[in-house]
Protein chains: 2
Amino acid sequence: MEEVKTFESICNLLRNRSYKLTPQRQTILQTFLEHVDRHLSAEEVYMLVKHQNPEIGLATVYRTLDILAEIGILLKNDFGDGRSRYEFSRKDEHHHHHHLICLGCGNVSEFDDDLLESLEAVIIKRNQFKIMDHDLKFYGYCSQCGEGH
Amino acid sequence: MEEVKTFESICNLLRNRSYKLTPQRQTILQTFLEHVDRHLSAEEVYMLVKHQNPEIGLATVYRTLDILAEIGILLKNDFGDGRSRYEFSRKDEHHHHHHLICLGCGNVSEFDDDLLESLEAVIIKRNQFKIMDHDLKFYGYCSQCGEGH
DNA sequence: ATGATAATGACAATCCTTTGCAAGTGATTT
DNA sequence: AAATCACTTGCAAAGGATTGTCATTATCAT
């Protein structure tokens, strides 16, 4: 359980899981560390990474994103725009934050709230449903795009 | 604003929007009226509809689902299984229900709650974000699949 | 260093969905 | 009832995101 996720600590995590530390994986990881607040698609990562390493292939980006999500470094999100988007997972939050998705500019911001905790308790009792994860999204218009809507 | 959605009332709605009432559209509509509680994918609708009308094309199913969603008869959902799923929209609910998605059998059940109302008020103030829609999903295991998890 | 083994890049294949198009059909007017 | 015309259809092809294949290359423990 790393509390602060540095480049080195993540490299160690990869090694511990017996993933090889290739330059491609390091470059992709760097990209997320440099864009901690963004929600990047595979294609966007590919574009960013090509600046450092023009040889890299799109399939490698997909494979690396899979791995980084699998070991908990990235979170895979679906904001309904037809592609998966990955964000850096800062802390080990078992109940991660929610998203505000702007229908105007597509920007994604984040929102923390504990309200769902109590809601989950109700659901477990009322529906006999064991909750493993939840996903809450708000679609609307951010302050920049809000005019006229 | 129809309160009860009968086959006839929906046909009228189509006509009023100057959509033609073709047999294909009627058959697809029937299918949803016969499976009011299900969350069908285009492919599933296609299979069901082919029993009544083997001539129908998949593209027509897609186009009809689009229309029925556009006029508010169906709701288009994304449960993360790589295809869109449509459900019959029973009442005119501006704030629609939430979904419980079973990771075991894939079954989707529904859940009503007003808790998000108050949460939305907080978000509007705190984030200056005009909310148009929300989407809340719980992933877990239903009572049948729950053993062992 | 070197060898076992995993990872890469290029490309094909897949899956769901949309689109182009020629032919057909529903609704309206005559 | 026939003519009309825009809307619809079915088919096949195209799209876009993702995954699979496979020969080549690179990593890491020894």
Side-chain angles (χ1 to χ4, degrees), chain A residues 8 10-31 39-71 73-74 76-86 106, chain B residues 7-8 10-31 39-71 74 76-86 106:
Chain A
E8 284 73 22
I10 298 169
C11 290
N12 286 331
L13 186 53
L14 280 167
R15 273 190 280 262
N16 293 343
R17 302 290 219 92
S18 64
Y19 287 117
K20 291 180 179 170
L21 198 59
T22 66
Q24 292 89 336
R25 288 174 181 173
Q26 294 183 52
T27 309
I28 291 169
L29 184 50
Q30 286 281 13
T31 299
H39 301 79
L40 299 167
S41 68
E43 194 73 32
E44 287 170 350
V45 173
Y46 180 55
M47 292 309 181
L48 288 168
V49 155
K50 270 180 104 70
H51 293 152
Q52 316 295 317
N53 179 355
E55 302 302 304
I56 205 165
L58 181 54
T60 300
V61 173
Y62 274 102
R63 287 184 286 235
T64 303
L65 294 177
D66 262 358
I67 291 172
L68 292 176
E70 193 247 321
I71 66 178
I73 298 305
L74 298 181
K76 187 175 186 174
N77 290 115
D78 177 5
F79 297 133
D81 62 348
R83 71 212 66 188
S84 292
R85 293 187 168 277
Y86 297 80
Chain B
F7 180 75
E8 285 74 22
I10 298 168
C11 291
N12 285 331
L13 185 53
L14 279 168
R15 273 191 279 263
N16 293 341
R17 302 291 220 90
S18 66
Y19 287 117
K20 290 181 180 170
L21 198 58
T22 66
Q24 291 89 337
R25 288 173 181 173
Q26 293 183 53
T27 309
I28 292 169
L29 184 49
Q30 285 282 11
T31 300
H39 302 78
L40 299 167
S41 68
E43 194 74 31
E44 287 170 349
V45 172
Y46 181 54
M47 291 311 181
L48 288 169
V49 155
K50 271 178 102 69
H51 294 152
Q52 317 295 317
N53 179 356
E55 302 301 303
I56 206 165
L58 181 56
T60 299
V61 172
Y62 273 102
R63 287 186 284 236
T64 302
L65 294 177
D66 262 358
I67 291 172
L68 292 175
E70 193 246 322
I71 65 177
L74 297 181
K76 188 175 185 172
N77 289 302
D78 177 4
F79 297 132
D81 62 348
R83 69 212 66 190
S84 292
R85 294 188 168 275
Y86 297 80

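Each chain gets a letter, A, B and so on, in the order its sequence line appears, and its residues count up from 1. Hydrogens, waters and symmetry mates are skipped; everything else that's a heavy atom, side chains included, is used.
- Rounded to whole Å, the distance from CD on B:Gln26 to P on D:dT8 is 13 Å.
- Under a 4.0 Å N-O distance rule, the pair A:Arg17/A:Glu70 qualifies as a salt bridge.
- Nucleotide D:dC7 holds its P atom 15 Å from the CG atom of B:Leu14, rounded to whole Å.
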Legend entry - Contact state string [nucleotides 8-21 of chain C, B base, S sugar-phosphate only, - no protein heavy atom under 4.0 Å]: BB------SBBBB-
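- Distance, A:Glu70 CD to C:dA7 P: 11 Å, rounded to whole Å.
- Taking CZ of A:Arg25 as the start and CG of A:Leu68 as the end, the distance is 8.5 Å to the nearest 0.5 Å.
- Put simply, CZ on B:Phe7 and CG on B:Leu29 are 5.5 Å apart, with the number rounded to the nearest 0.5 Å.
- By the ring-ring contact (aromatic ring centres under 6.0 Å, His included) test, B:Phe79 pairs with B:His39, B:His99, sequence neighbours left out.
- Taken to the nearest 0.5 Å, the CD1 atom of A:Ile73 stands 13.0 Å off from the OG1 atom of A:Thr64.
- Put simply, the side chain of B:Lys20 and the base of D:dA6 share a donor and an acceptor less than 3.5 Å apart.
- Taking CD1 of B:Ile28 as the reference point, atom CZ of B:Arg63 lies at 10.0 Å (rounded to 0.5 Å).
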